[in-house]
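These notes are about the structure you will find just below.
Throughout, residue positions are numbered sequentially from 1 according to the sequence presented.
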Amino acid sequence: MIKKFKLLKRNLLRKSNILEYCVDTYELPNGKTHDYDIMLHNGAAAVVAVTDEGKIVMVRQYRPAFDRVTTEIPAGKRDGDEEYETAAARELEEETGYRAGRMRHLITVDTAIAYCNEKIEIYIADRLTKTEQNLDEDEFVEIREFSLEELKKMILNAEIEDSKTIAAIMSYAVYIKD
């Protein structure tokens with residue numbers, strides 16, 4: 001049986017508006033200690049938004065970390081202690097200008113489990129009504145709608161490489177078959 005490590009010390013190196021960067025010292029089951037680089041994140045929410053026609057609403061945006069435009073499901077961080085479903089509905093409307101008439105939990109994704117505790121709760125949103133986008137000042141987002149089959153092909157052709165989007169779309173494909 002694998003034993004839980006014992007946290008001995010947390011050294012906060014830097015705190016940003018999204019992440020806290022730490023070096024954590026743990027006591028291992030063999031009695032030795034080891035330092036781990038850890039990023040702490042407040043969590044995020046994402047949405048597979050499905051139109052009445054069965055299309056999935058996607059966002060395209062430039063991602064500086066990868067220096068390219070990506071196609072993703074709408075998503076964003078939680079504000080403080082905000083409920084995940086509330087964050088998902090808020091991000092959907094802010095980024096796409098769609099309000100969900102119904103939200104259902106689909107899956108939970110731990111994004112970078114080796115060094116970050118970010119958890120993304122992913123929901124299905126449908127019965128959409130059009131409102132208006134309300135983007136943050138640093139967001140420049142293009143909205144596109146795709147069929148599930150188009151998105152699955154884009155994933156398999158490496159046109160979509162974002163892990164939360166891949167997990168969400170493939171899980172949704174299984175979900176609607178059940």
Side-chain angles (χ1 to χ4, degrees), residues 1-49 57-96 100 103-125 133-141 155 158-172 174-175:
M1 178 160 85
I2 297 176
K3 295 181 182 176
K4 183 178 174 179
F5 299 179
K6 181 180 177 187
L7 177 63
L8 300 176
K9 181 176 77 170
R10 170 162 286 156
N11 181 19
L12 176 63
L13 301 177
R14 182 171 187 271
K15 183 174 181 164
S16 72
N17 60 339
I18 297 176
L19 297 169
E20 292 181 8
Y21 302 87
C22 304
V23 174
D24 287 356
T25 303
Y26 281 89
E27 180 181 322
L28 306 178
N30 63 5
K32 295 183 180 184
T33 61
H34 188 77
D35 289 343
Y36 289 90
D37 295 334
I38 303 290
M39 289 190 290
L40 303 175
H41 190 283
N42 191 41
V47 183
V48 177
V57 180
M58 304 292 286
V59 297
R60 290 184 41 80
Q61 58 190 320
Y62 176 76
R63 292 297 194 175
F66 286 91
D67 190 28
R68 64 183 155 104
V69 174
T70 63
T71 301
E72 307 169 42
I73 59 173
K77 69 179 181 65
R78 291 189 317 148
D79 291 339
D81 291 337
E82 181 179 37
E83 294 294 324
Y84 284 94
E85 185 173 333
T86 302
R90 176 182 49 73
E91 287 292 337
L92 173 65
E93 189 165 3
E94 285 177 5
E95 290 187 359
T96 70
M103 300 274 289
R104 293 166 284 165
H105 187 263
L106 180 62
I107 58 170
T108 301
V109 175
D110 294 329
T111 61
I113 204 159
Y115 58 87
C116 183
N117 72 342
E118 180 186 27
K119 173 174 85 167
I120 302 178
E121 297 291 352
I122 301 175
Y123 295 84
I124 300 168
Q133 276 182 311
N134 185 21
L135 299 172
D136 293 337
E137 67 179 21
D138 65 339
E139 286 183 310
F140 301 89
V141 175
I155 290 167
E159 296 172 56
I160 294 176
E161 296 179 315
D162 172 57
S163 62
K164 75 177 175 308
T165 299
I166 294 169
I169 296 303
M170 300 311 273
S171 296
Y172 178 70
V174 171
Y175 176 85

With rounding to the nearest 0.5 Å, note down the distance linking [atom1] in [X] to [atom2] in [Y].
X      : Y      : atom1 : atom2 : result
His105 : Ile122 : NE2   : CD1   : 8.0 Å
Ile120 : Ile73  : CD1   : CD1   : 7.5 Å
Lys4   : Ile2   : NZ    : CD1   : 14.0 Å
Thr86  : Asp81  : OG1   : CG    : 12.0 Å
Leu135 : Glu94  : CG    : CD    : 8.0 Å

Student check: side-chain heavy atoms of Gln133 and Glu139 closer than 4.5 Å: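 No, side chains not in contact.
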
Using a 4.5 Å cut-off on heavy atoms from C-beta on, say whether the side chain of Arg60 contacts that of Thr70.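 Sidechains of Arg60 and Thr70: no contact.
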
Please say which of Ile18, Asn17, Asn42 ends up in a side chain to side chain contact (heavy atoms under 4.5 Å, CB included) with Lys77.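 Option passing the side chain to side chain contact (heavy atoms under 4.5 Å, CB included) with Lys77: Ile18.
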
Going through the checks in order, is the side chain to side chain contact (heavy atoms under 4.5 Å, CB included) test met by Arg104 and Tyr175? CA-CA 11 Å; Arg104 293 166 284 165; Tyr175 176 85; 3.0 Å; yes

Closest non-hydrogen atom pair, [X] against [Y]:
X     : Y     : answer
Ala46 : Ala88 : O-CB, 4.1 Å
Val23 : Asp35 : CG1-CB, 3.8 Å
Ala45 : Tyr84 : CB-O, 3.3 Å
Glu95 : Ala75 : OE2-O, 2.7 Å
Met39 : Leu19 : SD-CD1, 3.7 Å
Leu12 : Cys22 : CD1-SG, 3.9 Å

Step by step, would you call Asp79 with Arg90 a side chain to side chain contact (heavy atoms under 4.5 Å, CB included)? CA-CA 10 Å; Asp79 291 339; Arg90 176 182 49 73; 3.5 Å; yes

In sequence, state the C-alpha distance, the side-chain angles, and the governing distance for Leu40 and Asn117, and then conclude on side chain to side chain contact (heavy atoms under 4.5 Å, CB included). CA-CA 6 Å; Leu40 303 175; Asn117 72 342; 3.7 Å; yes

Without placing hydrogens or testing angles, list every side-chain donor-acceptor pair under 3.5 Å for residues 106-116, not counting sequence neighbours.
unit_1, atom_1, unit_2, atom_2, d
Thr108, OG1, Glu121, OE1, 2.5
Thr108, OG1, Glu121, OE2, 3.3
Thr111, OG1, Glu118, OE1, 2.8

Suppose the criterion is side chain to side chain donor-acceptor pair (under 3.5 Å): which pairs have a residue in residues 159-169, not counting sequence neighbours?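 Side chain to side chain donor-acceptor pair (under 3.5 Å) check on residues 159-169 returns Arg68-Glu161, Glu72-Lys164, Asp162-Lys164, Asp162-Thr165.
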
So does Ala87 get a backbone contact from the side chain of Arg78, meaning a donor-acceptor N/O pair under 3.5 Å?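 Answer holds: no.
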
Heavy-atom donor-acceptor pair, Asp24 side chain to Arg10 backbone, under 3.5 Å: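 Not confirmed, Asp24 side chain does not pair with Arg10 backbone.
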
Flag yes if more than 12 heavy atoms outside Asn30 fall under 6.0 Å of its CG atom; otherwise flag no.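 Check passes, neighbour count above 12.
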
Determine, step by step, whether Thr96 and Val59 satisfy the side chain to side chain contact (heavy atoms under 4.5 Å, CB included) criterion, reporting the C-alpha distance in whole Å, the side-chain angles of both residues, the deciding distance to 0.1 Å, and the verdict. CA-CA 7 Å; Thr96 70; Val59 297; 3.9 Å; yes

With Tyr26, which residues qualify under ring-ring contact (aromatic ring centres under 6.0 Å, His included), at least two apart?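 Scan of Tyr26 (ring-ring contact (aromatic ring centres under 6.0 Å, His included), adjacent residues dropped) gives Tyr36.
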
